[in-house]
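Bear in mind that the values here come from a model prediction, so they are computed numbers and not experimental data.
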Amino acid sequence: MNEISSAALIELSLNLTKSLTSNDRFDNLLSTIRKAITCEAVAVLAVKGDNLVPLALQGLTKDTLGRRFVIDEHPRLAQICQSERFVRFPSDCSLPDPYDGLLIGRDGDLPIHSCMGIPLHFEDQLIGVLTLDSLIPNIFDDIPERTLEVITAMASVSLNTALTLEQLERNIDHSNQVVAALSQPNVVAEQNELIGQSAKMLALKKEITLVASSQFNVLIQGESGSGKELVAHDIHQQSSRKASPIVYVNCAALPDNLIESELFGHVKGAFTGADKNRAGKFVIADGGTLFLDEVGELPLAAQSKLLRAIQSNEIQAVGQDKVITVDVRIIAATNRNLQNEVEKGTFRADLFHRLNVYPIEVPPLRVRDGDIALLAGFFIEKTKRKLGIKQLKISPEVLDYLSSYQWPGNIRELEHLLSRAALKAFARQKEKAIVKITLNDCDELSNDALSHNKITTHQRAAVPTSLIAHSTINLRHEVDEFQKQLITEVLTEEGGNWSLSAKRLGTDRANLSRLAKRLGISIIKTVG
């Protein structure tokens, strides 16, 4: 078709007006474009810093939504971004296509094909791009300029509306360099957005938006590797404190004799080794947010001192009589159930209630339906840059297999597995322009999955019928007791080798060690 018909234009305008969400608006836009212009793939991407972030697409694999395209690393995208108007690339253009291997139904390099890009501006500022790809050479050459001008205008308005609504609803400022510099967790530095479109993640994002605008203390609970640090960072970035630092404290890594100094600071000569004054984390975070990661690992003595600081907003450096008033919002995170810890007497009830003003539960990866493909795309794109690979893709069989796994190590386990798989795939295919990850590269996942299935069978067989007959069951207590028994048995069978035991139990060694510590398991001598 040479030009968008009046009927199609009216239909598009009405659909965009009726669209209540950005996804609806973009889907209507892309569908109308494909009615007017023959193409196999079309995508709209937003400019975020140095990256182009896919917001909606058709004709491309789902993991493409999770990718972040660094503009300077993709010559075609860079040329589109630098242009004032649409760019038609010659069918025999030698520049690499960012979508090589990502078109649905195409496994290798794109053959000679048509590619066109449209920069999307609003008030003379580049806010995104629209890309179109067709397997028919030169098909875009005869499209009238007026048709492309209409598409450009519609896409620009749609994108600007979506970005404006996003900013108003979420109040995110990604350009705060002070916060980025002082946010110590690596996950925050490398991944500054919560990726996922599952119902669980959408609910989590709503919770974050709701509590971020308040000054409430927040307690984030969730399994290891589920993204608690990222949630804390997102809450801070959406809060009125975003211009001030978010200061990170790993409570599990603090030696007992240095906890007070780390949190509240010390003066010179306060103790052996204190050769100069040092500000504590409360002072550094004044006006901002203090993120207490793994707060459940704090000993009782340290909990009482932390409680006093939170109650009074006053701190006292070690070795100093002067009291300092601070304005700090507390966000705490733990993989423990602190309510249970309170009942067992290992965590102070008054501190728990001070932290648990607004509880947030981060869902484990196994219940986030549909998010694995997006996360895989994000991690694959990041790994591709680290390894210097031109293009890296995942076979559909791998995505299916990833989606069927239970992920005891959650997102962290997924990232590490994909990194290893990418390295293996690259070693096999160094001469190929498109490196493809196959099931053969994910042998560790296969072993872990088998271990998990064995454990599940063991668990089902081990539940006593007498327990099920009881009218009331303390589920968490019984699960803890079973986990303790199972871990102890596996450790004994493996001669105390924690690495082999973790592999059999379908988790990693660090997670197993933390779980064993919580359950009070300390009977096996470590030999590996």
Sub-4.5 Å side-chain heavy-atom contact between [X] and [Y]:
| X | Y | result |
| --- | --- | --- |
| Ser239 | His236 | yes |
| Cys115 | Thr131 | no |
| Thr209 | Gln238 | yes |
| His121 | Pro119 | yes |
| Ile330 | Val218 | no |
| Ile434 | Ile389 | no |
| Ile331 | Leu292 | no |
| Val129 | Phe69 | no |

Just wondering, are more than 12 heavy atoms of other shown residues or ligands nearer than 6.0 Å to [atom1] in [X]?
| X | atom1 | value |
| --- | --- | --- |
| Asp400 | CG | yes |
| Lys200 | NZ | no |
| Lys390 | NZ | yes |
| Tyr358 | OH | yes |

Indicate whether the side chain of [X] and that of [Y] have a donor and an acceptor atom separated by less than 3.5 Å.
| X | Y | value |
| --- | --- | --- |
| Thr161 | Ser158 | no |
| Thr383 | Glu415 | no |
| Thr334 | Glu294 | no |
| His74 | Asp97 | no |
| Thr438 | Glu397 | no |
| Ser198 | Asp371 | yes |
| Glu40 | Ser134 | yes |
| Tyr405 | Glu413 | yes |

Any donor and acceptor pair, going by atom type alone, linking the side chain of [X] with main-chain N or O of [Y] inside 3.5 Å?
| X | Y | value |
| --- | --- | --- |
| Trp407 | Leu402 | yes |
| Asn160 | Phe122 | no |
| Ser214 | Val211 | yes |

Roughly how far, to the nearest 0.5 Å, is [atom2] of [Y] from [atom1] of [X]?
| X | Y | atom1 | atom2 | value |
| --- | --- | --- | --- | --- |
| Asn440 | Lys424 | CG | NZ | 10.0 Å |
| Leu55 | Leu159 | CG | CG | 6.5 Å |
| Gln339 | Leu219 | CD | CG | 10.5 Å |
| Ile220 | Lys228 | CD1 | NZ | 9.0 Å |
| Leu45 | Cys81 | CG | SG | 9.0 Å |
| Gln391 | Ile380 | CD | CD1 | 10.0 Å |

**Message:** Please evaluate residues Ile33 and Leu130 with respect to the criterion side-chain contact (heavy atoms from CB on, under 4.5 Å), reporting the C-alpha separation (whole Å), side-chain torsions for both, the decisive distance (0.1 Å), and the verdict.
**Reply:** CA-CA 11 Å; Ile33 290 173; Leu130 184 72; 3.6 Å; yes

**Asked** Given the rule in the side-chain contact (heavy atoms from CB on, under 4.5 Å) test, do Leu375 and Leu365 qualify, once you have shown the distances and angles that lead to the verdict?
**Response** CA-CA 10 Å; Leu375 288 163; Leu365 184 55; 3.6 Å; yes

**Prompt:** Picking from Arg336, Arg412, Arg366, what satisfies salt bridge (Lys or Arg N to Asp or Glu O under 4.0 Å) with Glu223?
**Reply:**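 For Glu223, the salt bridge (Lys or Arg N to Asp or Glu O under 4.0 Å) check succeeds only for Arg366.
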
**Item:** Derivation of the side-chain contact (heavy atoms from CB on, under 4.5 Å) call for Asp50 and Asp72
**Value:** CA-CA 8 Å; Asp50 297 328; Asp72 290 342; 5.8 Å; no

**Message:** Looking at Asp441 and Arg428, is there a salt bridge between them, counting it only when a charged N and a carboxylate O are closer than 4.0 Å?
**Reply:**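 Yes, Arg428 and Asp441 are salt-bridged.
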
**Prompt:** Does Glu481 come within less than 4.0 Å of Lys484, counting only side-chain N to carboxylate O?
**Reply:** no

**Item:** side chain to side chain donor-acceptor pair (under 3.5 Å) between Asp293 and Tyr248, intermediate numbers included
**Value:** CA-CA 7 Å; Asp293 196 13; Tyr248 174 79; 3.1 Å; yes

Compare every heavy atom of [Y] with every heavy atom of [X], then report the nearest pair and how far apart it is.
| X | Y | result |
| --- | --- | --- |
| Ile487 | Leu515 | CD1-CD2, 3.6 Å |
| Cys39 | Phe140 | CB-CZ, 4.1 Å |
| Leu338 | Gln221 | N-OE1, 3.4 Å |
| Leu120 | Val44 | CD1-CG2, 4.2 Å |
| Pro363 | Met201 | CG-SD, 4.2 Å |
| Ala425 | Lys436 | CB-O, 3.7 Å |

**Prompt:** Where do Phe352 and Phe347 land on the ring-ring contact (aromatic ring centres under 6.0 Å, His included) test, with the steps shown first?
**Reply:** CA-CA 7 Å; Phe352 170 70; Phe347 200 87; 7.0 Å; no

**Request:** Applying side chain to side chain contact (heavy atoms under 4.5 Å, CB included) between Val295 and each of Val249, Asn250, Leu355, report the one that passes.
**Result:**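 Output: one option passes, namely Leu355.
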
**Contacts of type side chain to side chain contact (heavy atoms under 4.5 Å, CB included), residue Leu95, not counting sequence neighbours** =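 Leu95 satisfies side chain to side chain contact (heavy atoms under 4.5 Å, CB included) with Pro75, Arg76, Gln79, Phe89, Cys93 only.
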
**Message:** With side-chain contact (heavy atoms from CB on, under 4.5 Å) as the criterion, how do Ile246 and Gln237 come out once you've worked through the C-alpha distance, each side chain's angles and the decisive distance to 0.1 Å?
**Reply:** CA-CA 9 Å; Ile246 174 172; Gln237 284 293 80; over 6 Å; no

